[in-house]
There are 2 protein chains.
Amino acid sequence: MTLLRSPRLDGSTSRDIPDATVARLPVYLRALNALAEQGVMSCASNELAEQAGVNPAKLRKDLSYLGSYGTRGVGYDVEYLRYQIAREMGQTQDWDVVIVGVGNLGSALSAYQGFSTRGIRVAALVDADPQRVGTVVSGITVSPLDELDEIVADRDISIGVIATPGTAAQEVAERLVAAGITSILNFAPALVQVPDGVDVRKVDLSIELQILAYHEQRKASADKTSTDKAATA
Amino acid sequence: MTLLRSPRLDGSTSRDIPDATVARLPVYLRALNALAEQGVMSCASNELAEQAGVNPAKLRKDLSYLGSYGTRGVGYDVEYLRYQIAREMGQTQDWDVVIVGVGNLGSALSAYQGFSTRGIRVAALVDADPQRVGTVVSGITVSPLDELDEIVADRDISIGVIATPGTAAQEVAERLVAAGITSILNFAPALVQVPDGVDVRKVDLSIELQILAYHEQRKASADKTSTDKAATA
DNA sequence: AAGAGTTTGTGAACGCGTTAACAAAATCGA
DNA sequence: TCGATTTTGTTAACGCGTTCACAAACTCTT
């Protein structure tokens with residue numbers, strides 16, 4: 001018998017927010033930050049929705065899952081809403097992540113500027129290759145895979161990033177879980193099996209381009225059939 | 001008055017496939033390739049679905065959009081199905097892409113091994129920074145942004161990748177479109193506006209980690225409330 | 001103070017995607 | 001040849017997400 005929207009001491013609600021909404025909240029946060037930088041104090045759902053590239057009704061519905069933080073007839077206070085979303089997303093604290101695999105992609109991720117301003121801190125780099133262990137990448141010394149347990153425990157890390165070849169992904173995932181990691185971002189082109197309670201998100205660079213290629217092909221063949229039609233007509 | 005499922009000379013169908021299905025076809029392709037390498041000649045939807053990490057019913061429904069390529073009571077011929085999906089995805093040909101922005105991420109993408117086996121070829125690298133122009137990255141000489149038009153035209157490129165800082169994303173997108181690009185993969189943390197007919201997909205590294213952080217926070221506060229409950233009980 | 005104008009928050013309709021369930025079609029054994 | 005078994009292709013139900021449309025709530029003007 002769980003209560004919906006039971007209020008907590010910190011003001012957040014225990015009702016879970018739809019996945020689709022959670023995925024958009026960081027977008028709203030970015031838009032609000034941009035507005036705040038421009039000195040905008042207040043904004044209506046129309047403006048914010050345009051900034052974020054979504055339908056205004058969708059924006060309002062998304063925000064309604066968090067609470068009632070706007071004022072009818074007026075709009076939203078930029079700073080207040082920014083803080084409320086940040087709190088709901090857990091961005092009042094910084095989150096340490098460990099990156100496994102310091103190849104090209106892992107190195108690029110460790111140097112990525114966009115993380116720090118979003119509450120993400122790359123706290124450790126790990127690699128199985130002895131040649132890479134000990135080298136310094138983006139100011140962080142690469143540790144051996146065997147030290148994963150200590151690193152995760154010592155620094156209280158809960159999020160791991162897999163940036164290895166596909167063949168190593170499953171074993172790395174298992175080691176991450178064994179070390180205590182409960183959220184994984186997987187860049188390897190392979191799907192990993194994890195126990196219940198562990199979240200996995202997958203980013204597949206090839207697949208994104210393959211999807212675009214599919215649409216390109218359709219555009220091309222659509223052109224072709226229309227010219228064919230013209231020819232047979 | 002367009003006919004649905006009108007057959008074409010090459011055997012493909014003109015009915016458009018749902019987006020969700022298109023996004024999964026590359027996953028099936030990867031699973032089929034893995035099976036083929038293991039010497040498996042034929043497989044049932046159950047096995048293939050497990051390999052791909054999806055529900056068997058979903059797999060069959062997805063495949064039904066392409067046509068009827070299985071045999072009832074038997075299953076699917078691995079090589080035949082592999083070819084049919086590859087053809088539908090446009091993977092019978094290679095797709096050239098141009099990467100704009102040769103920073104850490106752009107360099108990593110240009111070196112990414114996973115592309116070539118998926119029919120993606122990085123054909124050109126472009127950067128606005130004069131210091132980077134002329135350098136060789138992954139065997140490709142970096143060209144100035146001004147030469148984008150010629151590069152796209154000469155090599156008949158239709159897909160562009162934006163790997164620049166967020167501030168440059170919109171201008172780069174406009175230049176890509178002006179050069180004739182009709183599909184864009186955007187890694188910059190900014191949303192780009194493009195004319196109708198141009199496809200944009202967005203990969204946001206920060207957002208993926210922010211979503212994981214949100215779920216981590218919920219796990220943590222759920223633990224807290226349950227211990228609270230135990231304490232107050 | 002009251003009416004006109006804004007803008008939020010939300011109920012309801014709609015559409016897409018997922019999943020279960022089953023008929024159709026193939027193989028296999030007797 | 002026929003019945004039993006297997007597995008696909010598809011229909012129908014369900015659930016989630018999106019969008020519309022409007023009442024509620026606020027400001028502003030007179």
Side-chain angles (χ1 to χ4, degrees), chain A residues 4-5 7 13 15-28 31-32 35 40-82 84-85 88 211 214-215, chain B residues 4-5 7 11 13 15-28 31-32 35 40-78 80-82 84-85 88 211 214-215:
Chain A
L4 293 177
R5 282 208 168 208
T13 53
R15 217 248 283 83
D16 57 333
I17 297 169
D19 288 345
T21 297
V22 171
R24 280 187 297 266
L25 289 179
V27 179
Y28 303 153
L32 286 166
L35 289 173
V40 178
M41 307 293 286
S42 170
C43 72
S45 63
N46 280 2
E47 313 164 48
L48 186 53
E50 194 181 6
Q51 275 275 331
V54 302
N55 184 302
K58 190 189 287 187
L59 169 72
R60 291 202 302 275
K61 197 153 209 29
D62 282 342
L63 295 182
S64 76
Y65 291 117
L66 310 187
S68 187
Y69 296 134
T71 308
R72 297 179 193 217
V74 180
Y76 300 93
D77 182 279
V78 170
E79 188 52 37
Y80 180 60
L81 184 59
R82 198 203 63 73
Q84 293 298 342
I85 297 178
E88 191 72 38
I211 293 169
Y214 166 78
H215 290 295
Chain B
L4 294 177
R5 283 208 166 206
T13 53
R15 214 246 283 87
D16 58 332
I17 297 170
D19 289 345
T21 297
V22 171
R24 280 187 296 266
L25 289 180
V27 178
Y28 303 152
L32 286 166
L35 289 173
V40 178
M41 307 294 286
S42 169
C43 72
S45 63
N46 280 3
E47 312 165 49
L48 186 54
E50 193 181 6
Q51 275 274 331
V54 301
N55 185 302
K58 190 189 286 185
L59 169 72
R60 291 201 300 275
K61 188 148 196 63
D62 283 341
L63 295 182
S64 76
Y65 291 117
L66 309 188
S68 186
Y69 296 134
T71 309
R72 299 181 191 215
V74 179
Y76 301 92
D77 181 280
V78 170
Y80 180 60
L81 183 59
R82 200 204 62 75
Q84 293 299 340
I85 297 178
E88 191 73 39
I211 293 169
Y214 166 78
H215 290 295

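- Summarising the geometry, the separation between CG on A:Leu59 and P on D:dG17 is reported as 17 Å, rounded to the nearest angstrom.
- Atom C1' of nucleotide C:dT10 and atom CG of A:Leu66 are separated by 15 Å, given to the nearest angstrom.
- Remark: of the listed residues B:Tyr28, B:Tyr80, B:Tyr76, B:Tyr80 is the sole one forming a ring pair (Phe, Tyr, Trp, His ring centres under 6.0 Å) with B:Tyr69.
- In this entry the distance linking OH of B:Tyr80 with P of D:dT8 reads 15 Å, nearest Å.
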I need a per-nucleotide contact map over nucleotides 11-21 of chain C, read 5' to 3'. Cutoff is protein heavy atoms under 4.0 Å; write B for the base, S for backbone only, - otherwise.
BB----SSBBB
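- A sub-4.0 Å separation between OP1 or OP2 of C:dG9 and a side-chain N or O of A:Tyr76 is present.
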Output, in order, the C-alpha distance, side-chain angles, deciding distance and verdict of side-chain contact (heavy atoms from CB on, under 4.5 Å) for A:Val54 and A:Asp62.
CA-CA 11 Å; A:Val54 302; A:Asp62 282 342; 6.0 Å; no
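- By the salt bridge (charged side-chain N to carboxylate O under 4.0 Å, His left out) test, B:Arg60 pairs with no residue at all, sequence neighbours left out.
- For B:Glu50, there are no salt bridge (charged side-chain N to carboxylate O under 4.0 Å, His left out) partners, not counting sequence neighbours.
- Atom P of nucleotide C:dG9 and atom OH of A:Tyr69 are separated by 11 Å, given to the nearest angstrom.
- With sequence neighbours excluded, the residues satisfying side chain to side chain contact (heavy atoms under 4.5 Å, CB included) with B:Val22 are A:Ile211, A:Tyr214, B:Ile17, B:Met89.
- Applying the side-chain hydrogen bond (donor to acceptor under 3.5 Å, both in side chains) rule to A:Glu79 yields the partners A:Arg82; only residues at least two apart in sequence or on another chain are considered.
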Heavy-atom protein contacts under 4.0 Å, nucleotides 23-30 of chain C, coded B base, S sugar-phosphate only, - none
BBBSS---
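- Put simply, the side chain of A:Gln84 does not reach to within 4.5 Å of the side chain of A:Leu66, judged on heavy atoms.
- In this structure, CG of A:Asp77 is placed 16 Å from P of D:dC26, rounded to the nearest angstrom.
- Contact annotation: B:Ser45 reaches the phosphate of D:dT8 (side-chain N/O to OP1 or OP2, under 4.0 Å).
- Counting all heavy atoms, side chain and backbone alike, B:Ser42 lies closest to B:Val78 at N-CG2, 3.8 Å.
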